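Chain naming here is simple, since letters A, B, ... match the order of the sequence lines and numbering starts at 1 in each. Since this is a predicted model, take the numbers as computed values, not measurements.
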There are 2 protein chains.
Amino acid sequence: MPGDPKQKIVHAAMELFALKGFNSTSISDLLSRTQHHSGSLYHFFPGKQDVLIAVLEAYREGIRPMLLEPAWKGIEDPIERIFALLRSYRGMLVETDCTYGCPIGSLALELHEPDPKVRELLAENFSAWTSAVESCLHEAGRRIPPDLDKRALAEFILTTMEGGVMQARTHRDIAYFDRNIAALRTHFDLLETRAQAHA
Amino acid sequence: MPGDPKQKIVHAAMELFALKGFNSTSISDLLSRTQHHSGSLYHFFPGKQDVLIAVLEAYREGIRPMLLEPAWKGIEDPIERIFALLRSYRGMLVETDCTYGCPIGSLALELHEPDPKVRELLAENFSAWTSAVESCLHEAGRRIPPDLDKRALAEFILTTMEGGVMQARTHRDIAYFDRNIAALRTHFDLLETRAQAHA
DNA sequence: GTCTATAAAAGGATAGAC
DNA sequence: GTCTATCCTTTTATAGAC
């Protein structure tokens with residue numbers, strides 16, 4: 001529903017939490033952006049925390065349709081799909097002058113003592129991302145050493161993205177992100193060489 | 001000066017910003033922890049932001065004496081010094097049940113639109129850390145391919161630490177950190193193999 | 001330099017009419 | 001379901017005595 005007010009609030013919250021963070025986004029910010037009033041928001045959500053939960057659920061549900069499918073359009077090679085996914089984060093950084101990176105990573109580090117439900121949803125977002133990358137690694141077959149822990153490598157790829165985003169944002173310079181991705185590419189090249197050597 | 005009230009406030013702020021974040025730490029929190037009163041704090045600092053600046057300067061000045069020297073005690077091998085540094089972050093995570101990681105990384109992602117001075121200090125903290133690691137890489141000499149960009153690899157090591165901390169904190173499980181460090185160790189092993197092959 | 005008291009504003013949330 | 005008005009708390013910051 002495009003006019004669904006609940007969805008509209010969640011959508012605004014996704015944008016504002018990514019842009020300013022959770023604590024720095026006030027209920028008033030959400031209301032003024034959605035042109036709703038507090039009675040409306042509190043009709044749908046018991047409190048601000050519940051808006052955050054809805055946001056994290058929306059991100060989790062959106063990983064495939066909103067993130068992976070656009071990034072993977074026209075790309076079949078499983079390893080190139082991983083780098084295409086990383087490029088989509090690069091695109092977000094470039095579009096926003098290196099201010100907006102991964103919304104999940106930002107929230108994960110902003111919220112130090114999160115509600116258990118919130119922490120669980122952050123973890124589920126990371127896990128779903130990691131699983132998608134892990135699938136690509138399995139599809140890559142013998143280009144990766146067969147004895148290598150694919151799940152661990154997928155987590156390392158998430159680390160590369162998050163660390164690259166963090167440094168690019170902090171230095172306001174996309175080159176930090178690019179050098180991290182280049183280092184990961186070197187890692188893949190070395191792994192592929194080793195996989196061939198053992199073949 | 002151990003009783004210096006200004007230092008005492010900065011010290012409390014370092015702890016509380018790391019524990020709860022900047023926005024979630026109130027001036028009252030700082031005052032109750034230091035047993036001072038608002039007149040005292042505002043005598044030394046024009047505002048809360050200036051406490052943050054003092055905190056970031058203290059972290060920057062503390063990198064060598066508080067972080068590197070303890071981590072490197074008794075360790076001479078330059079590559080093992082890098083992994084010893086990473087272990088000191090592991091120690092912080094374990095001591096705090098995976099709630100407290102790198103204070104600079106947390107602040108870097110919490111503060112989305114920081115004051116230019118604050119952003120610059122965050123960047124300086126990352127740069128100083130990266131430079132220290134880069135020095136180790138240069139000392140490692142021929143164990144690393146000579147054509148490899150040592151600065152970029154040092155940034156990739158920072159990325160590994162920050163990404164490992166982020167995932168360990170989010171999942172409340174140190175194994176995520178350990179697997180990231182293991183992946184980095186694999187990367188070093190592969191680089192060393194390549195360096196030998198070209199020798 | 002440190003204390004008390006308090007101003008001034010912002011933020012989360014609620015009540016009740018419509 | 002949505003609007004207006006408002007309560008209550010927290011928070012940053014200031015004033016002025018000591």
Side-chain angles (χ1 to χ4, degrees), chain A residues 1-58 106-107 110-119 121, chain B residues 1-56 58 106-107 110-118 121:
Chain A
M1 304 297 180
D4 178 3
K6 187 171 179 175
Q7 286 298 101
K8 202 171 161 189
I9 291 168
V10 171
H11 188 249
M14 291 173 86
E15 288 185 2
L16 289 174
F17 292 170
L19 197 69
K20 311 174 45 164
F22 176 72
N23 285 310
S24 297
T25 299
S26 67
I27 299 285
S28 313
D29 290 334
L30 292 173
L31 298 176
S32 67
R33 170 161 301 215
T34 54
Q35 299 283 40
H36 283 274
H37 297 256
S38 79
S40 190
L41 188 148
Y42 284 101
H43 173 72
F44 294 112
F45 302 99
K48 192 185 177 187
Q49 179 110 262
D50 303 274
V51 178
L52 174 60
I53 287 169
V55 161
L56 292 172
E57 286 170 345
S106 296
L107 289 168
E110 178 188 355
L111 306 167
H112 290 241
E113 291 156 327
D115 179 281
K117 176 78 180 165
V118 169
R119 196 195 57 71
L121 279 166
Chain B
M1 304 296 178
D4 178 3
K6 187 170 181 177
Q7 287 298 103
K8 200 170 162 191
I9 290 168
V10 171
H11 188 250
M14 291 173 85
E15 288 186 359
L16 289 174
F17 292 171
L19 197 69
K20 309 174 47 163
F22 175 72
N23 285 310
S24 297
T25 299
S26 67
I27 300 285
S28 313
D29 290 335
L30 293 174
L31 298 176
S32 67
R33 171 162 300 215
T34 55
Q35 300 283 39
H36 282 275
H37 297 256
S38 81
S40 188
L41 188 147
Y42 284 101
H43 173 72
F44 294 110
F45 302 99
K48 190 185 175 186
Q49 180 109 264
D50 303 274
V51 179
L52 174 60
I53 287 169
V55 160
L56 292 172
S106 295
L107 289 168
E110 177 188 354
L111 306 168
H112 291 241
E113 291 155 328
D115 179 282
K117 177 78 180 163
V118 168
L121 279 166

(Q) Strictly below 4.0 Å: does H37(A) bring a side-chain N or O up to OP1 or OP2 of dT4(D)? (A) yes

(Q) Please check this pair: side chain of T34(B) against backbone of L30(B), looking for a donor-acceptor N/O pair closer than 3.5 Å. (A) yes

Q. So is K6(A) actually on top of F45(A)'s ring, under 6.0 Å and inside 45° of the axis?
A. yes

Q: Could you run through nucleotides 11-18 of chain D and give me one letter per nucleotide, 5' to 3': B if any protein heavy atom sits under 4.0 Å from the base, S if only the sugar-phosphate is that close, - if neither?
A: SSBB----

Q: Taking the side chain as every heavy atom from C-beta outward, state whether L107(B) and L52(B) have any atom pair closer than 4.5 Å.
A: yes

Whole Å only: how far is the [atom1] atom of [X] from the [atom2] atom of [N]?
X      : N       : atom1 : atom2 : answer
H43(A) : dG1(D)  : NE2   : C1'   : 5 Å
L31(A) : dG12(C) : CG    : C1'   : 11 Å
L41(A) : dT14(C) : CG    : P     : 12 Å
Q35(A) : dT4(D)  : CD    : P     : 11 Å

**Q.** Results of side chain to side chain contact (heavy atoms under 4.5 Å, CB included) for K117(B) - residues two or more places apart only
**A.** I53(B), E57(B), D115(B), L121(B)

Q) Does K20(B) have any side chain to side chain donor-acceptor pair (under 3.5 Å) partners at least two apart in sequence or in another chain, and if so, which? A) D29(B)

Q) Do R119(A) and E113(A) sit within salt-bridge range, that is, some charged N less than 4.0 Å from a carboxylate O? A) no

